[in-house]
Amino acid sequence: MTSLNLEALFQSKIDEEIKIEPKDWMPDAYRKTLIRQISQHAHSEIVGMLPEGNWITRAPSLRRKLILLAKVQDEAGHGLYLYSAAETLGANRDDLVQQLLAGKAKYSSIFNYPTLNWADLGAIGWLVDGAAIMNQVMLTRTSYGPYARAMVRICKEESFHQRQGYEIMIAMANGSPEQKAMAQDSLNRWWWPSLMMFGPHDSESTHSDQAMKWKIKRKSNDELRQQFVDVTVPQAEYLGLTIPDTKLRWNEARGHYDFGEIDWEEFWSVVKGNGPCNKQRLKARIKAYEDGAWVREAAVAHAAKKEQDKLPESSAKAA
Amino acid sequence: MKNYLLQLADNALILGHRLGEWCGHAPEMELDIALTNIALDLTGQARSLYQRVGELEGASSDGVSKTEDDYAYLRDVWEFRNVLLVEQPNGDFAQTIVRQFIFDSYHFYMCRALTQSTDEWLSGFAEKSLKEITYHLRFSSEWMQRLGDGTEVSHAKMQTAIESLWTYSGELITPNEIEKELASQGIGVDLNKIKPEVTAKISEVLAASNLTAPEGIWMQKGGKDGRHSEHLGYILAEMQFLQRAYPGQAW
């Protein structure tokens, strides 16, 4: 079959909603796009452990501490199965991690913002996980089978994360004046970066058209962002908190909230590595990797010795 | 009884806290998950124990009972009854594994004996915890061997860790007055009885890991009676920050 026919067959499968599986033929660009997207997602889970991990030792109650530990642990788990999904496309986990550590791979910019007060843990669950879910629910229907299936599992856990985040916000917003101030402060800092999570405007997005055609993506950045705003504004109202956007108002004609323009200068500046914590996040990952090198080497060496021990007779015979 | 339960609870809380410090920084993603698992188990055990202490103490004259968080967040250093070992810093991964292994060896045999407690609540608690602790001991024993036997570098780091932490191993199996009293009533564990099992397990794993226990080391103690190393103050300063800075609030 010519590559033209293969490509036509591939596109017809996509159009008929048949999932692409690891052994199926796929265009190189499709494979590359997926490896890039899935590994960025995996890196985001792993780097995303850091801002929340920052508060494990300061969680204000044993119950909150347990929930937070479990949540950050889930993120490590998500990272693991996303790397596995990328491996089904022929990528190698260690290579992908190396790209992250070398600063060549991207991860979600949101994790380059600091967690400064306890309400940030609520805001991350509510807004950041909430924004991620918008994207991930769409991805449960993505055209690549292993990615779609990983997303089904991840979405279940993410919706638990979002609920626990919102529950923290409820406790804070209904708490003492200091707690309410923490909640408002964290909303002020996390609102705009959360909207930025959906990426550039559709008109500016480099990868979007092809990804839509291949049904890797099914909704545009701007559609998802609007969906997030529409869902989140009433939640903020319920909390009695103010979203830091003077242009935010319900538009009866559109049936959606209108909202102000994102500071795209900030967006690109964080993408390019100049966010408040880009350097610290990468440094923490590099440190964990380098400090852990001797542990991984020892595990490999020990396993090799064990393997050797298992074969004394056969190797003796061979000799 | 209350102080005995606090000893058990504080060990679990403080070691769980230390393990939580690793979260996101472990040598492998799989290890991040495993260490967090152990931290979750230990913190969960601490919660059950604190809740039990609260029940036993009952309501004070103003009708308010203490909660699990009152014990964890509103006591100061001298009121904590954990052993010195668990408050020692994580150090490198070797220090963490050796600390964990020594503690797990004690914890496993102590907990197994505790399933025979004449106190029904305690024996039930021990049954439930034993499943978790069995896994902890298997995990730390395996890593003792991997790292002790792995490479020259890992072996040297492990040997150094043993030499620096060995001084805290004796306290685990040396009963204080509270433990003697509770053991005589059949409620608590007789540490003298489990001592041979604990030391045999430690020797067995050390031998399998090509590691040697140092000899003639002075054994530090005091944690069980509230005399701690300087590390605990910093753990509490961090852990209790919000509860201390904003007292009496719901989180």
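Scope of the values below: all heavy atoms of this structure, side chains included, with no hydrogens, waters or symmetry mates. The shown structure was predicted, so the numbers you read here are calculated from the model rather than taken from an experiment. Note on naming: letters A, B, ... go to the chains in the order of the sequence lines (proteins, then strands), and numbering restarts at 1 for each one.
Looking at B/A72, the atoms closer than 4.5 Å to chain A (heavy atoms on both sides) all sit in the side chain, from C-beta outward. In this structure, the portions of B/D149 lying under 4.5 Å from any heavy atom of chain A include both its backbone and its side chain. Both the backbone and the side chain of B/A94 come within contact range of chain A, judged by heavy atoms closer than 4.5 Å.
A/W294 is listed as a side-chain neighbour of B/K157, based on a closest heavy-atom distance under 4.5 Å. Side-chain contact between A/E297 and B/V153 is absent, with no heavy atoms from C-beta onward closer than 4.5 Å. With contacts defined as side-chain heavy-atom distances shorter than 4.5 Å, the pair B/L147/A/V295 qualifies.
Side chain of A/K65 to backbone of B/T43: no donor-acceptor contact under 3.5 angstrom is found. Remark: side-chain polar atoms of B/E238 are not paired, donor with acceptor, to backbone N or O of A/R58 under 3.5 angstrom.
Taken to the nearest 0.5 Å, the OH atom of B/Y246 stands 6.5 Å off from the CD atom of A/E178. A distance of 4.5 Å separates CG in A/L80 from CD1 in B/I33, rounded to the nearest 0.5 Å.
Interface residues of residues 21-28 of chain B toward chain A, defined by a heavy-atom distance below 4.5 Å and sorted by number: B/E21, B/C23, B/G24, B/H25, B/A26, B/P27, B/E28. Scanning residues 91-103 of chain A against chain B with a 4.5 Å heavy-atom cutoff picks out A/R93, A/V97, ordered by number.
In terms of heavy atoms, B/L13 sits closest to A/L62 at CD1-CD2, 3.5 Å.
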